[in-house]
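Structure first, commentary second.
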Amino acid sequence: CGEEGRIYDPVLAAQVADSLLGVSGVEASYVITFRKEDLIGVSARSNGDFNVQVVMEKMGGGGHLSNAATQIRGRTVSDVHEELLQNIAEARENQE
């Protein structure tokens, strides 16, 4: 998660999500950052073993099995992080 209120370049957030997949044992990564004053972006990546598209669709976004994203207005990074964790847990339950 990026800092509350600090605006990050969306390309950088996507690159960080890609890079996190290189960490041993990581099958999916999510990067949550402010893109504009009231717009939070979530970049999601997967090595193909977990469908990040399903999680991003639950949060109003979309994409592909291994590359997805969403944008959310009027929330805090902390709120989006909590919602993301809940959606990941639900998606894991449904995947099993």
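Heavy-atom basis, side chains included; hydrogens, waters and symmetry copies ignored. In this chain, numbering begins with 1 at the start of the sequence shown.
- Using modelled atom types, one finds no donor on one side chain facing an acceptor on the other under 3.5 Å when comparing E82 with Q86.
- R45 CZ to Q15 CD: the interatomic distance, rounded to the nearest 0.5 Å, is 10.0 Å.
- Looking at heavy atoms from C-beta onward, K58 lies out of side-chain contact with E83 at the 4.5 angstrom threshold.
- Between V55 and L84, some side-chain heavy-atom pair lies under the 4.5 Å cut-off.
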Does the pair R6 and E37 meet the rule for a salt bridge (Lys or Arg N to Asp or Glu O under 4.0 Å), with working shown? CA-CA 8 Å; R6 181 174 174 191; E37 188 173 311; over 6 Å; no
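- Distance alone, capped at 3.5 Å, places no donor-acceptor pair between the T33 side chain and the A13 backbone.
- Remark: the backbone N or O of S66 is not paired with any side-chain donor or acceptor of S46 at under 3.5 angstrom.
- A distance of 10.0 Å separates CG in N67 from CD in Q53, rounded to the nearest 0.5 Å.
- With C1 as reference, I32 is the one residue of V42, I32, V31 to meet the side-chain contact (heavy atoms from CB on, under 4.5 Å) rule.
- Residues Y30 and H81 form no side-chain contact, since every pair of their non-hydrogen atoms from C-beta on lies 4.5 Å or further apart.
- Linking ILVMFWY side-chain heavy atoms closer than 4.5 Å, directly or via other members, places I88 and I40 in a single hydrophobic cluster.
- When all heavy atoms of I72 and M59 are compared, the pair lying nearest together is CD1-CE, 3.8 Å.
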Side chain to side chain contact (heavy atoms under 4.5 Å, CB included) between L65 and F50, worked out: CA-CA 7 Å; L65 168 93; F50 185 75; over 6 Å; no
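- Using a 4.5 Å heavy-atom threshold, the side chains of E3 and Y8 count as touching.
- Considering every non-hydrogen atom in both K36 and I7, the closest pair reads C-CD1, 3.9 Å.
- With a 4.5 Å cut-off on side-chain heavy atoms, F34 and L39 do not count as touching.
- When all heavy atoms are compared, the tightest approach of G2 to V77 is O-CG1, 3.7 Å.
- Using a 4.5 Å cut-off on side-chain heavy atoms (C-beta onward), E4 and T76 make contact.
- Here the closest non-hydrogen pair linking S43 and A17 is O-CB, 4.0 Å.
- Pairing each heavy atom of G41 with each of R35, the nearest pair is CA-NE, 3.5 Å.
- In terms of heavy-atom proximity, L20 sits nearest to S29 at CB-CB, 3.6 Å.
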